[in-house]
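The structure under discussion appears below in the form of structure tokens.
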Amino acid sequence: MNRTAITGMSFHVPDKIVTNTDLEEMMNTSDEWIRTRSGIEKRHWVENDEGGSDLSLVASKKAMEQAGVTGKDIDMVIVGTASSDYYFPGIGAQLQDMLSLNTIGAFDIRVGCSAFIYGLAIADNFIKTGQCKTILLVGVDVLSPALEKSPDGRDVGVLFGDGAGAVILQPGQNGEGILSTHLHSEGKYVKELWCELPSFRLEGRGFSNDMIEKGRHKLIMNGREVFKHAVTRFPEVIQEALDANDLTMDDISQVIPHQANHRITEAVAKRLGVARDLVYSNIHRYGNTTAATIPIAMCEAFEEGKFKQGDHIILAAFGSGFTWASAAIKW
Ligand code: UT7
């Protein structure tokens with residue numbers, strides 16, 4: 001059985017760059033605090049009515065071009081996002097239209113920062129069973145509009161950026177491709193990292209002015225709790241990927257983790273007992289772009305020569321739910 005290979009990948013971020021200095025007055029923060037606590041130097045935020053579908057479209061077209069496929073070849077669209085243009089339907093259906101694709105299956109998955117790897121696992125199974133031959137998978141998030149852009153929201157507001165990363169998945173021809181995926185969740189922590197509204201179980205049935213006044217439509221995170229779990233779950237799920245494939249860290253050219261905080265990335269490298277630069281980081285350029293961090297990081301790590309054809313890499317994510325996941329790939 002052929003493995004599922006990534007045959008094209010690209011990313012796109014909004015033009016507008018927001019530096020730490022830009023946030024100092026708005027959020028009563030400092031460049032120094034943001035750099036030392038998170039590693040972030042700048043992030044990109046959408047402007048005007050720019051949405052996740054717009055970012056996804058640009059990234060998808062570039063990934064398709066790189067893979068040498070046209071819209072006619074694509075037989076499924078999967079989008080990982082927590083911030084679709086509309087509450088429903090998701091960006092998947094919009095991309096089907098924007099890319100003039102056939103009336104194929106197109107859908108979104110909502111597991112926050114783990115969404116790209118969850119999407120990879122779904123796509124892998126559709127390709128391995130022969131049900132699909134060419135899948136477009138996008139990780140995209142535009143969470144800047146859900147940030148509290150005042151001193152009250154500074155603990156979360158300085159961390160997030162907007163962006164999209166897209167890959168084309170097809171059967172690999174020479175043994176390259178996804179070796180394994182592992183998905184996890186622990187729903188008792190739902191409220192440690194969440195956006196409550198719009199909700200269809202609450203008194204307002206969606207939104208009410210009172211709910212908005214109370215800021216219940218903003219992204220809320222218990223940073224310390226998330227941090228504590230992340231530094232345990234990342235090494236655990238990476239080890240799971242190694243064990244499933246009889247690999248050790250010596251066989252791995254690059255670990256590409258979700259970019260949440262450079263201190264988390266450093267802790268992961270330490271717990272794995274590997275050199276710091278074996279675990280990729282580009283959070284200084286983009287902040288935390290949620291479902292987009294892994295495909296963006298994968299594109300940049302490849303361009304920087306961190307891995308090449310025939311190498312093994314591991315992707316790993318941790319995010320809201322809590323959810324966490326890993327994928328081992330032979331490039
Ligand atoms: O992608 C989803 C996964 N997300 C993550 O993995 C994020 C995980 N968590 C984190 O990365 C970190 O917990 C944060 C970066 C969110 C926070 O770092 P921290 O070292 O845990 O800081 P803290 O929350 O313990 O706050 C330390 C201090 C507090 O002041 P006091 O109480 O010590 O006087 C905060 O009020 O820093 C203060 N603070 C700020 N100061 C300046 C919090 N945010 C800011 C800020 N600027 N933006």
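Quick caveat: nothing in here was measured; it's all calculated off a predicted structure. We use all heavy atoms of the structure for the numbers below, so side chains are in, but hydrogens, waters and symmetry mates are not.
- Residues meeting the side-chain hydrogen bond (donor to acceptor under 3.5 Å, both in side chains) test with Asp75, sequence neighbours left out: none.
- A donor-acceptor distance shorter than 3.5 angstrom exists from the side chain of Ser326 to the backbone of Val237, with no hydrogens or angles considered.
- No side-chain heavy atom of Tyr280 sits under 4.5 Å from any side-chain heavy atom of Phe307.
- By the 4.5 Å heavy-atom criterion applied to side chains, Ile178 and Arg3 are not counted as neighbours.
- How far CG of Leu278 is from CG of Leu272: 8.5 Å, rounded to the nearest 0.5 Å.
- In terms of heavy-atom proximity, Ala115 sits nearest to Val111 at CA-CG2, 3.4 Å.
- Chaining together hydrophobic side chains whose heavy atoms lie under 4.5 Å apart leaves Ile17 on its own.
- The salt bridge (charged side-chain N to carboxylate O under 4.0 Å, His left out) contacts involving residues 140-151 comprise nothing, where partners must be two or more places apart or lie in separate chains.
- Residues Met64 and Ile168 form a side-chain contact, since some pair of their non-hydrogen atoms from C-beta on lies under 4.5 Å apart.
- Phe234 and Leu183 fall into different hydrophobic clusters, where Ile, Leu, Val, Met, Phe, Trp and Tyr are joined by side-chain heavy atoms under 4.5 Å apart, directly or via other members.
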Apply side chain to side chain donor-acceptor pair (under 3.5 Å) to residues Glu24 and Asn20 and explain how you reach the verdict. CA-CA 7 Å; Glu24 283 183 341; Asn20 292 345; over 6 Å; no
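- For residues 50-65, the side-chain hydrogen bond (donor to acceptor under 3.5 Å, both in side chains) pairs, not counting sequence neighbours, are Ser53-Asp85.
- No continuous path of ILVMFWY side-chain contacts below 4.5 Å connects Ile117 to Leu247, so the two sit in separate hydrophobic clusters.
- Using a distance-only test at 3.5 Å, with no hydrogens or angles considered, a donor-acceptor pair links the side chain of Asp108 to the main chain of Gly92.
- Identified under the salt bridge (charged side-chain N to carboxylate O under 4.0 Å, His left out) test for residues 249-269, with sequence neighbours left out: none.
- No more than 12 heavy atoms of other residues, nucleotides or ligands shown are found within 6.0 angstrom of CZ on Phe88.
- Side-chain atoms of Thr181 never come within 3.5 Å of backbone atoms of Ala327 as a donor-acceptor pair (strictly under, hydrogens ignored).
- Residues in residues 157-170 take part in these side-chain hydrogen bond (donor to acceptor under 3.5 Å, both in side chains) pairs, two or more places apart or across chains: Thr7-Gln170, Thr134-Gln170, Ser144-Asp162.
- Of the inter-residue distances, the one linking Ser320 atom OG with Ile220 atom CD1 reads 13.0 Å to the nearest 0.5 angstrom.
- Hydrophobic cluster membership differs between Val13 and Ile283, with clusters built from Ile, Leu, Val, Met, Phe, Trp and Tyr side chains linked at under 4.5 angstrom.
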Problem set entry | From CA spacing to verdict: side chain to side chain contact (heavy atoms under 4.5 Å, CB included), Ile78, Ile135 | CA-CA 8 Å; Ile78 307 174; Ile135 297 181; 4.1 Å; yes
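- Summarising the geometry, atom CG belonging to Leu95 is positioned 11.5 Å from atom OG belonging to Ser100; distances are rounded to the nearest 0.5 Å.
- Rounding to the nearest 0.5 angstrom, the gap separating the CD atom in Gln254 from the CZ atom in Phe302 is 12.5 Å.
- Here the side chains of Ile314 and Ile256 are not in contact, with every heavy-atom distance at 4.5 Å or above.
- Between Ile109 and Val79 there is no side-chain heavy-atom pair separated by less than 4.5 Å.
- Scanning all heavy atoms of the two residues, the minimum distance from Ala317 to Ile294 falls at CB-CD1, 3.8 Å.
- Connection of Leu242 to Val279 is established within a shared hydrophobic cluster, with ILVMFWY side chains joined at heavy-atom distances below 4.5 Å, either directly or through further cluster members.
- Under the ring pair (Phe, Tyr, Trp, His ring centres under 6.0 Å) criterion, no residue pair touches residues 89-127, with sequence neighbours excluded.
- By the 4.5 Å heavy-atom criterion applied to side chains, Ile40 and Val158 are not counted as neighbours.
- Taking the side-chain hydrogen bond (donor to acceptor under 3.5 Å, both in side chains) definition, one finds that Thr19 meets it with Asp22, sequence neighbours left out.
- Listed here is the closest heavy atom pair of Gly112 and Ala82: CA-CB, 4.4 Å.
- Distance alone, capped at 3.5 Å, places no donor-acceptor pair between the Arg233 side chain and the Glu236 backbone.
- Thr293 places no side-chain N or O within 3.5 Å of a backbone atom of Thr289 that could act as its donor or acceptor partner.
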**Request:** Any chance you could lay out the salt bridge (charged side-chain N to carboxylate O under 4.0 Å, His left out) test for Lys218 and Glu196, step after step, and finish with the verdict?
**Result:** CA-CA 8 Å; Lys218 300 287 184 183; Glu196 190 184 7; over 6 Å; no
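- Considering all non-hydrogen atoms of both residues, Cys113 and Gly319 come closest at CB-CA, 3.9 Å.
- Between Phe227 and Phe318, the ring center distance fails the sub-6.0 Å criterion.
- Here ring pair (Phe, Tyr, Trp, His ring centres under 6.0 Å) pairs that include residues 26-64, with residues two or more places apart or in two chains, are His44-Tyr286.
- Under 4.0 Å is where a charged nitrogen must lie from a carboxylate oxygen, and between Glu176 and Lys330 no such pair does.
- Under the rule for a side-chain hydrogen bond (donor to acceptor under 3.5 Å, both in side chains), the partners of Glu240 that lie at least two apart in sequence or sit in another chain are His184.
- Using modelled atom types, no side-chain atom of Ser185 and backbone atom of Gly187 make a donor-acceptor pair closer than 3.5 Å.
- There is no path of hydrophobic side-chain contacts, each under 4.5 Å, that joins Phe160 to Val142.
- Side-chain atoms of Gln173 come within 3.5 Å of backbone atoms of Pro171 as a donor-acceptor pair (strictly under, hydrogens ignored).
- In this structure, a donor-acceptor pair under 3.5 Å is absent between the side chains of Gln259 and Asn288.
- Among residues two or more places apart in sequence or in another chain, the side-chain hydrogen bond (donor to acceptor under 3.5 Å, both in side chains) test is passed with Thr323 by Ser114.
- Taking 4.5 Å as the limit, some side-chain heavy atom of Leu55 sits within range of a side-chain heavy atom of Val46.
- We find the CG-NE2 distance between Leu315 and His258 to be 13.0 Å, quoted to the nearest 0.5 Å.
- Without hydrogens or angle criteria, Asp73 side chain to Thr70 main chain gives a donor-acceptor distance under 3.5 Å.
- Side-chain rings of His229 and Tyr189 approach one another, their centers coming within less than 6.0 Å.
- Arg37 and Asn261 share no donor-acceptor pair across their side chains, judged by distance under 3.5 Å alone.
- Within the model, atoms SG of Cys195 and CG of Leu147 stand 9.5 Å from one another, a figure rounded to the nearest 0.5 Å.
- Checked by atom type and distance alone, the side chain of Arg154 pairs as donor or acceptor with a backbone atom of Asn28 at under 3.5 Å.
- Residues Val77 and Leu101 form a side-chain contact, since some pair of their non-hydrogen atoms from C-beta on lies under 4.5 Å apart.
- Listed for the Asn245 side chain is a donor-acceptor partner under 3.5 Å among the backbone atoms of Ala241.
- By the salt bridge (Lys or Arg N to Asp or Glu O under 4.0 Å) test, Arg35 pairs with Asp31, Glu41, sequence neighbours left out.
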